[in-house]
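Quick notes on the structure that follows.
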Number of protein chains: 2
Amino acid sequence: MAVSMHDVARAAGVSQRTVSNVVNDYAYVRPETRQRVLDAMAELGYVPNAAARSLRAGRTGLIALVVPDFRARIFADLAGPVVREAEALGYTVLIELTESEREREIEVLTGGRNQLTDGAIMMALSLRPEDGERRRADYPIVLVGDEVLTGDVRHVAIPNREAAKAVVRHLAGLGRRRLMLLGYAPAEHQTGRMRLRGFLEGLAEAGLTAQEELLVEAGWTRAEGQRAIEEHLDARRSMPDAIFAMNDSLALGALRALQARGVRVPEEVALVGFDDVEEARYSTPSLTTVSPDVEALARNAVAMLHEQISGRPAGRGPHVVVDFELKVRESSR
Amino acid sequence: MAVSMHDVARAAGVSQRTVSNVVNDYAYVRPETRQRVLDAMAELGYVPNAAARSLRAGRTGLIALVVPDFRARIFADLAGPVVREAEALGYTVLIELTESEREREIEVLTGGRNQLTDGAIMMALSLRPEDGERRRADYPIVLVGDEVLTGDVRHVAIPNREAAKAVVRHLAGLGRRRLMLLGYAPAEHQTGRMRLRGFLEGLAEAGLTAQEELLVEAGWTRAEGQRAIEEHLDARRSMPDAIFAMNDSLALGALRALQARGVRVPEEVALVGFDDVEEARYSTPSLTTVSPDVEALARNAVAMLHEQISGRPAGRGPHVVVDFELKVRESSR
DNA sequence: CTGAAAGCGCTAACAG
DNA sequence: CTGTTAGCGCTTTCAG
């Protein structure tokens, strides 16, 4: 067994209490006593035991980051900032993968199989509003992304609607009139619904009307983007002069299809994505895209969770929408 | 405070011991007693307390995954499999980011600031061989990637040398004679050294000799790949007929530079990368690359760590090299 | 099959 | 400033 506080106390000739005081640099300890204790600790290689501390404190200092999968770039992007923010507030982050399974997401709402974490930050993709009732009231949670639960669950969102609107405004400003929305998926995630809504609002604002033929269904993957555009072109459906893809993967797939069919981007068709994945900067042409402030997403999520855990008064509302930036690149000029 | 075992015991009219037995489906408990206990647990919403259990057991059931950064694709790819494997063995994974700082990597060797984890899987980039001495002997660690420590540290490796050799063999088989190595970095990571060594061995095997002008220095990023190739072309240095990039980012940066300068790939210059990032499949032309078996990497790392933690006899040697596959795509035909 | 009770390592209330 | 000590929730030894 590892060396305990008791061992240190004996070695330093003080009581356990004093060792504890030193470890937590608490209260008043006479400098020389402190030094003696520190020496003893170093000598014995003392390391405080997290389990005992947690048991005593009733908190573990752990928070869970719950994501569907790390291969999706946005989740990987989020992990770094979340870990850093959490660390700054004294938390350690542990990872939970849901593979987008609803059961696993629900399990998080109840605090998990064991009370291992003080709270969770979750990107939920499969929860339904009514699942909110299964939530254990005293388990702090912050949802990132869509607002999928009813009730007073805190949540920090990507500005889907506002950004989609900004994209349309940008395209209309370039004189484009026949805008395609790629990745249309009626009643899928709220993310899709919000981007759709922003798209439609943008069109209305620009005095344009949506053409049904230009709302193109596709899963949000590169392969699907490619397939959908190929089919659209081959079927000689009405040709857009701009495409707003629901995310960058779709956009990059579309780009490949357009190039394969000899359609020039951006001359004939402008192309805009969403997410600002790294590749967007490096494709040829480079891709105009919406860049949500992921850093702020992480910062807010951790801060909001910390507020709940520590019972501190919320310095911000229960719902936060972070900023975004439209990165205009070669694909829409 | 949450409901404890004691509460459940009282509600079910049994002793704490019996509840514990039920929870750990231990020993012999009469079916009806078991049921009564289960009912009481459900009724009260009992959830076992991880801290108490850890304190008692002397193990936390947590393992650390220590990586420099999640934005580098390979780390993100590793996370999923590691979490899944760990879960299958009853561990929870927690994340530690080192930003490649040597001090932080060393700290892991000593078991960290608190005994929170039972062991660690680390991708170390900055450790030096002599750091091995700082290692706390009883803290289980598995290194992934390079073998950076002397001593008996377990480690699972990517087949850098073998794969680099296979790449050269492939290019030579296509009739290419003037092979460039992009991302040459004398005495950087061992990864680079091993790939370099494989490259040279491959050349020797094919009866070719390395030209110094074709060992091109560059950081392992896309921007650097682009810059290095642009400079090389603009300086009118000797033209290669094939480029082996130390990783895919470099290769994709190089691709961009080649296209910008009107060099046709693969007709004039074949191009091969390393890592098999997702984009490699979708670039134009798609990129030939080495695909290490990341799944196996994760599986072995977790299994080896588990062996150390549980003190089980090692079913495998202390060093494992996983498989790879050379994915031949459009960029080298 | 079940109960009583010790004790894992630490914090903090209480007492000097 | 420092010592004593109870107890966080659980597992497990020892008795029944």
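To find a chain, count down the sequence lines: A is the first, B the second, and so on, and within it residues start at 1.
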Exercise for review: Report which part of the nucleic acid A/Val14 touches: base, sugar-phosphate, or nothing (heavy-atom distance under 4.0 Å, all strands).
Suggested key: sugar-phosphate

Exercise for review: Begin with the C-alpha distance, continue with both residues' side-chain angles, and end with the deciding distance and a verdict on side chain to side chain contact (heavy atoms under 4.5 Å, CB included) for B/Leu297 and B/Val144.
Suggested key: CA-CA 8 Å; B/Leu297 211 60; B/Val144 171; 3.8 Å; yes

Check your understanding: Will you find, in the side chains of A/Arg17 and A/Asn21, an N or O donor that is under 3.5 Å from an N or O acceptor?
Key -> yes

Check your understanding: Quick one: A/Arg53 CZ to C/dA12 C1', roughly how many Å, whole number?
Key -> 14 Å

Check your understanding: Using the C1' atoms of five pairs at each end, what's the angle between the two axes of the helix from C/dC1-D/dG16 to C/dG16-D/dC1, to 10 degrees?
Key -> 40°

**Study point:** Minimum heavy-atom distance between B/Leu65 and B/Ala79, given as atom pair plus value
**Key:** CD2-CA, 4.0 Å

Check your understanding: Just to confirm, is there a sub-4.0 Å distance from OP1 or OP2 of C/dA12 to any side-chain nitrogen or oxygen of A/Arg56?
Key -> no

**Study point:** Residues that B/Arg136 engages under salt bridge (Lys or Arg N to Asp or Glu O under 4.0 Å), provided they are two or more places apart
**Key:** B/Asp138

Side-chain donor-acceptor contacts of residues 36-45 of chain A below 3.5 Å, not counting sequence neighbours, with atom names and distances?
{"unit_1": "A/Arg36", "atom_1": "NE", "unit_2": "A/Ala12", "atom_2": "O", "d": "3.0"}
{"unit_1": "A/Arg36", "atom_1": "NH2", "unit_2": "A/Ala12", "atom_2": "O", "d": "3.4"}
{"unit_1": "A/Asp39", "atom_1": "OD1", "unit_2": "A/Gln35", "atom_2": "NE2", "d": "3.0"}

**Study point:** Sugar-phosphate only, base, or nothing, as touched by B/Ser4 at under 4.0 Å among non-hydrogen atoms
**Key:** sugar-phosphate

Practice item. Look at B/Thr18 and C/dG3 and indicate whether a side-chain polar atom (N or O) is within less than 4.0 Å of OP1 or OP2. Key: yes

Check your understanding: Of the residues in residues 37-50 of chain A, which ones touch DNA chain C at a heavy-atom distance under 4.0 Å?
Key -> A/Tyr46, A/Pro48, A/Asn49

Study note, to complete from the structure: Scanning both residues in full, the closest heavy-atom pair of A/Glu105 with A/Ser100 reads OE2-CA, 3.9 Å

Exercise for review: Return yes if some donor-acceptor pair links the side-chain N/O of A/Arg10 with the main-chain N/O of A/Val14 below 3.5 Å, else return no.
Suggested key: no

**Study point:** Length of the CE-P vector between B/Met5 and C/dA4, whole Å
**Key:** 16 Å

Point to revise | Test item: side-chain donor near acceptor, B/Tyr46 and B/Ser4, under 3.5 Å | key: no

Check your understanding: Where the side chain of A/Arg59 meets the backbone of A/Asp118, is there a donor-acceptor pair that is under 3.5 Å apart?
Key -> no

Check your understanding: Whole-Å distance between D/dC1 C1' and A/Arg36 CZ?
Key -> 13 Å

Check your understanding: With a non-hydrogen cut-off below 4.0 angstrom, is B/Thr33 in contact with a base, only sugar-phosphate, or nothing?
Key -> sugar-phosphate

Revision key, fill the gap. Between NE2 of B/His6 and P of D/dT12 the distance, given in whole Å, is 19 Å

Listing time: all N or O pairs from protein to nucleotides 14-16 of chain C that are below 3.5 Å?
{"unit_1": "C/dC14", "atom_1": "N4", "unit_2": "A/Arg17", "atom_2": "NH1", "d": "3.3"}

**Study point:** Donor-acceptor under 3.5 Å (A/Ser54 side chain, A/Ala50 main chain)
**Key:** yes

Check your understanding: Backbone N or O of B/Asp69 within a donor-acceptor pair of the B/Glu99 side chain at under 3.5 Å?
Key -> no

**Study point:** Side-chain N,O (A/Ser20) to OP1/OP2 (C/dC10) below 4.0 Å
**Key:** no

Review point. If each of B/Gly13 and B/Leu55 is mapped to the nucleotide of DNA chain C with the nearest heavy atom, which maps nearer the 5' terminus, i.e. the 5' end?
Key: B/Gly13

Exercise for review: Please report, rounded to the nearest Å, how far the P atom of C/dG9 is from the CG atom of A/Asp7.
Suggested key: 8 Å

Practice item. Whole angstrom is fine here: how far is it from CG in B/Leu116 over to P in C/dC10? Key: 14 Å

Check your understanding: Could you give the CZ-to-P distance, from B/Arg10 to C/dG3, as a whole number of Å?
Key -> 14 Å

Check your understanding: According to the side-chain hydrogen bond (donor to acceptor under 3.5 Å, both in side chains) rule, which pairs have a member within residues 120-132 of chain B, sequence neighbours left out?
Key -> B/Arg102-B/Asp131

Exercise for review: Can you tell me the distance, in whole Å, between the CD atom of B/Gln16 and the P atom of D/dT13?
Suggested key: 16 Å

